[in-house]
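This is a predicted model, so every value here is computed, not measured. Numbering of residues begins at 1 and proceeds along the displayed sequence. Counting starts at 1 for both ligands and their atoms, in listed order.
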Amino acid sequence: MANKPPFIAGNWKMHMTIAEAKNLATAIVKASADLLEAEIVLAPPFTALSEVKKVLEDGSVQLAAQNLFWEEKGAFTGEVSAPMLKDAGCQYVIIGHSERRQYFGESDAGVNKKVSAALKSGVFPILCIGESLAERDRDETMDILSRQIQGGLEGIAAGDFKSIVVAYEPVWAIGTGKTATPGQAEEVHSHIREKLALSYGIGPAECAIILYGGSVKPANSFALQSEKNIDGFLVGGASLEAESFIQITREAIRAYKEKK
Ligand code: PGA
């Protein structure tokens, strides 16, 4: 298994005024000079994308949006398209986050259209998958994830798959303070990689970046990143303060170096 530099994405969700977003991004950019071994991505709300982009301009920290709509343009009030995200300077876009699936009724078929639309515009998808607590209790975790992977990646060719980051986020761990244990997360990550290998071959599956998300904190990031199949994190709550986000990144880099 290729040991990859940690990929650490901060999902700011529906937080931050433009001024707050600029301050947070500025602090992270400043610290990132000492964190060059990690790929850092920030996902502010739509309203702050262009201003945060200016802060990131000359550094290595990348910009992500939290959602998109699959059509390129048209009468879709309230929606934002992939070409618009590209224009705003986004390299990545989070797709199919469990909060979108849960509160906005997103389905695997819709997620799949969004993945295709992002790829078409040259914006890299961060495809989120994860089971609920009830599904885990019913022992359905692997089936749910297989279904989400299959549905989300339907029709995506191997060449495009290389541009996709997968994020495993157990719904019961998001914002709850209940992190999956490193063992629980690793078990699922290795299943995801096997599943990807069936569709795209062992080589591309090994190269795929698979993130863990759900109550990632400075205190648990080293142990999680130390697992063989965990390549980084999608961080919610702990990404809203520079200090904890930077500390998570530091711990991930330390684990990456020890994994080598
Ligand atoms: P959390 O959120 O770190 O606050 O649990 C993770 C996410 O939803 O991406």
Side-chain angles (χ1 to χ4, degrees), residues 6-16 20-21 24-25 28 38-46 48-49 52 61-68 90-106 111 114-115 118 124-133 135-136 141 144-145 148 152 164-182 184-185 188-189 192 209-225 227 230-252 255:
F7 185 110
I8 314 292
N11 174 11
W12 296 355
K13 307 192 179 183
M14 200 171 72
H15 294 285
M16 303 282 157
E20 287 165 349
L24 180 54
I28 291 168
E39 168 106 8
I40 300 176
V41 177
L42 303 180
F46 287 133
L49 283 174
V52 169
V61 175
Q62 312 237 60
L63 187 68
Q66 299 174 18
N67 185 29
L68 81 166
C90 295
Q91 286 92 0
Y92 292 91
V93 58
I94 298 171
I95 298 178
H97 190 281
S98 67
E99 285 150 15
R100 298 223 47 94
R101 293 179 190 256
Q102 203 178 337
Y103 304 130
F104 304 97
E106 292 204 4
V111 165
K114 292 184 175 192
V115 168
F124 301 145
I126 300 176
L127 169 62
C128 300
I129 55 176
E131 83 287 1
S132 67
L133 185 58
E135 288 159 348
R136 175 163 279 262
T141 299
I144 295 289
L145 294 171
Q148 290 175 340
I164 299 176
V165 174
V166 176
Y168 167 58
E169 299 203 299
V171 178
W172 48 271
I174 296 177
T176 58
K178 281 188 212 150
T179 321
T181 63
Q184 276 174 327
V188 176
H189 278 233
I192 293 170
I209 296 173
I210 307 179
L211 310 179
Y212 168 79
S215 299
V216 174
K217 304 266 179 306
N220 57 29
S221 57
F222 178 84
L224 286 162
Q225 181 80 34
E227 294 292 343
I230 299 181
D231 303 317
F233 305 121
L234 183 53
V235 187
S239 73
L240 297 176
E241 280 181 10
E243 206 178 296
S244 47
F245 186 69
I246 289 161
Q247 194 53 28
I248 286 169
T249 308
R250 265 201 204 108
E251 288 293 279

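- When hydrogens are left out, the protein atom nearest atom 3 (O) of ligand 1 is G236 N, 2.9 Å; that is the closest non-hydrogen contact.
- E39 and Q62 form a side-chain donor-acceptor contact under 3.5 Å, judged by distance and modelled atom types alone.
- The ligand atoms of ligand 1 that sit less than 4.0 angstrom from a heavy atom of H97 are 7 (C), 8 (O), 9 (O).
- Taking the side chain as every heavy atom from C-beta outward, I129 and R101 approach each other to under 4.5 Å.
- Residue E20 qualifies as enclosed at atom CD: its count of foreign heavy atoms under 6.0 Å is above 12.
- K114 places no side-chain N or O within 3.5 Å of a backbone atom of N67 that could act as its donor or acceptor partner.
- Ligand 1 places these atoms under 4.0 Å from at least one heavy atom of N11: 9 (O).
- Considering backbone and side-chain atoms alike, G214 places every N or O at 3.5 Å or more from each N or O of ligand 1.
- At a heavy-atom cutoff of 4.0 Å, ligand 1 is contacted by both the backbone and the side chain of I174.
- When only modelled atom types and interatomic distance are considered, H97 and E169 share a side-chain donor-acceptor pair under 3.5 Å.
- The contact set between ligand 1 and E169, taken as ligand atoms under 4.0 Å from a residue heavy atom, comprises 6 (C), 7 (C), 8 (O), 9 (O).
- The closest approach between a heavy atom of G175 and any atom of ligand 1 is below 4.0 Å.
- The shortest N or O to N or O distance between T176 and ligand 1 is not below 3.5 Å.
- For ligand 1, the atoms closer than 4.0 angstrom to any heavy atom of G237 are 1 (P), 3 (O), 4 (O).
- The closest donor-acceptor contact from the side chain of S244 to the backbone of A238 lies under 3.5 Å.
- The aromatic rings of Y212 and F233 sit perpendicular to each other, their planes meeting at more than 60°, with 30° as the lower class boundary.
- Within ligand 1, counting atoms from 1 as listed, the ones closer than 4.0 Å to a heavy atom of A173 are 5 (O).
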